[in-house]
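Everything on this sheet refers to the single structure shown next.
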2 protein chains.
Amino acid sequence: MDQNKIPQATAKRLPLYYRFLNNLQHQGKSRVSSKELSDAVKVDSATIRRDFSYFGALGKKGYGYNVEYLLGFFRKTLDQDELTEVALFGVGNLGTAFLHYNFVKNNNTKIMMAFDADPDKVGTEIGGIPIYHIDDLEEKMKDVKVAILTIPASEADSVTERLVEQGIEGILNFTPARITVPDHVRVHHIDLAVELQALVYFLKHYPLDK
Amino acid sequence: MDQNKIPQATAKRLPLYYRFLNNLQHQGKSRVSSKELSDAVKVDSATIRRDFSYFGALGKKGYGYNVEYLLGFFRKTLDQDELTEVALFGVGNLGTAFLHYNFVKNNNTKIMMAFDADPDKVGTEIGGIPIYHIDDLEEKMKDVKVAILTIPASEADSVTERLVEQGIEGILNFTPARITVPDHVRVHHIDLAVELQALVYFLKHYPLDK
DNA sequence: GAGAAGTCGTGATTATTTTCACAATTAGTA
DNA sequence: TACTAATTGTGAAAATAATCACGACTTCTC
């Protein structure tokens, strides 16, 4: 709403910064420079300073950044206070990995429920998160606005359609299928096979030195 | 070696194109336009044409692209013939998801072996892939040049160090830890928590219409 | 308190990526 | 064959992102 001028490339790095600052705080460090951050998160220090500068002057010249202050600032900016509720679809290995991940700790998101078609899974819990039958999607999913898709590709379209019907706002899609949604729904796509393939391609064609 | 001028942004999209072309072929389609491809993979059609053009004139004006020809071309370019061997570290849920994924089908990569510290897992197989003890890394991993890291963050540094020692060339890191490697090792980083958080951030701050 | 060392914030520059827009060419049709 | 509709490939422009480089300010040390 407000900071609409923040470059997308910057926005994508914010959660990364946030996580690392959290680590620093746990380690009891109270001060950090863009150079140190750079070494840790592998982003050029000038880029980090530029990123931060979109939010105003957060550091002090000759000193660096105060970890606590920066963290407090990010918490607000990243809406760490507000909790976003998430539903997960497909309790296979990948889905289970998500359920075991405790997002809430460093995070503003919580998986509230999961869906699957397997009767052996329905009715159980994983990591304290209840698993419902996929048929009950409409009934159980009331206010949840974000979904993670870890279902087989063949199910992607039908589930997506129902989610859109239900008023979903964002989908994190791990399916190889490229799903079609109305313009007002945001989809981020992660394809594990593509990621691996891309790495291999880069290895062969982009001899590094940097 | 040859096509060193291909933009990285393009390179990242190639596996995506490849996968979709494969689907088309299975559907028996012999012809496709950049517009159709665009609808399917959600990339602007001009971008697709530009991407392809880095490899020469692959299409025909007024006609589009011949699926089979394009596919044959990509197969060579993406080294689909050559098989890249991969080792996986950490047979938790995420690691298991990878082992079940049959990469070879549409793919130039194969997970040859997995490593874990859990004695219950060591000695077994998942999806036909043997699981060794992490202590045997040096012994078992001979020619494998690519590793997938799905271990706990706390293990990331020590395993990475051993991999580097062993002559690793590329690492796909799913650990939240940002690992440090020599310049000649390529690391791609995917942090599931960061991805989810980024999606949520975008939802709140980048109202879409596009 | 003065000088040295460190570090930010940012104007300017450069690099990369996307998009526009249209001439050229082809397929399809009558 | 001649006309129409489709679609590429690409020069040029625009948008986005990364990096350089330095003035200004802060802390530290003696």
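Chain letters run A, B, ... following the sequence lines, proteins first, then strands; residues in each count from 1.
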Can you tell me how far [atom2] of [N] sits from [atom1] of [X], to the nearest Å?
| X | N | atom1 | atom2 | value |
| --- | --- | --- | --- | --- |
| A:F55 | C:dC8 | CZ | P | 17 Å |
| A:Q8 | D:dA17 | CD | P | 6 Å |
| B:Y54 | D:dT8 | OH | P | 16 Å |
| A:D44 | D:dA21 | CG | C1' | 12 Å |
| B:I48 | D:dT8 | CD1 | C1' | 13 Å |
| A:F52 | C:dC8 | CZ | P | 9 Å |
| B:R50 | C:dT17 | CZ | P | 13 Å |

Regarding B:T10 and B:D51, is there a side-chain donor-to-acceptor distance under 3.5 Å anywhere?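 A pair is found: one side chain offers a donor N or O, the other an acceptor, under 3.5 Å apart.
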
Return no unless some side-chain N or O of [X] is found under 4.0 Å from OP1 or OP2 of [N].
| X | N | answer |
| --- | --- | --- |
| B:R13 | C:dT18 | yes |
| A:T47 | D:dT19 | yes |
| B:R49 | D:dG11 | no |

Parallel under 30°, tilted from 30 to 60°, perpendicular over 60°: which one fits the rings of [X] and [Y]?
| X | Y | result |
| --- | --- | --- |
| A:F174 | A:F98 | perpendicular |
| A:F55 | A:F74 | tilted |
| A:H188 | B:F202 | perpendicular |

Nucleic acid contacts - residues 32-42 of chain B versus DNA chain D, non-hydrogen atoms under 4.0 Å: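 Within this stretch, B:S33, B:S34 sit under 4.0 Å of the strand.
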
Near DNA chain D, which residues from residues 61-71 of chain A have a heavy atom under 4.0 Å away?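 Those residues whose heavy atoms fall under 4.0 Å from DNA chain D, taken from residues 61-71 of chain A in numerical order, are A:K61, A:G62, A:Y63.
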
Among C:dT26, C:dG9, C:dG28, which is the nearest nucleotide to the side chain of B:K60?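 The nucleotide sitting nearest to the side chain is C:dT26.
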
Residue A:S53, side-chain heavy atoms: nucleotide from C:dG9, D:dT27, D:dT10 that is nearest: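 For A:S53, the side-chain atoms sit closest to C:dG9.
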
Could you tell me whether the side chain of [Y] reaches within less than 4.5 Å of the side chain of [X], counting heavy atoms only?
| X | Y | answer |
| --- | --- | --- |
| B:V200 | A:N108 | yes |
| B:T109 | B:V146 | no |
| B:T84 | A:K204 | yes |

Can you work out whether A:R31 or B:A9 has the more 5'-proximal nearest nucleotide on DNA chain C?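 It is A:R31, whose closest nucleotide lies nearer the 5' terminus.
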
For the side-chain contact (heavy atoms from CB on, under 4.5 Å) test, which of B:I111, B:N173, B:I190 pairs with B:I148?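 The passing option is B:I111.
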
Between B:Q25 and B:L71, is there a donor-acceptor pair closer than 3.5 Å when you use the side chain of the first and the backbone of the second?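 Here the side-chain-to-backbone pair does not exist.
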
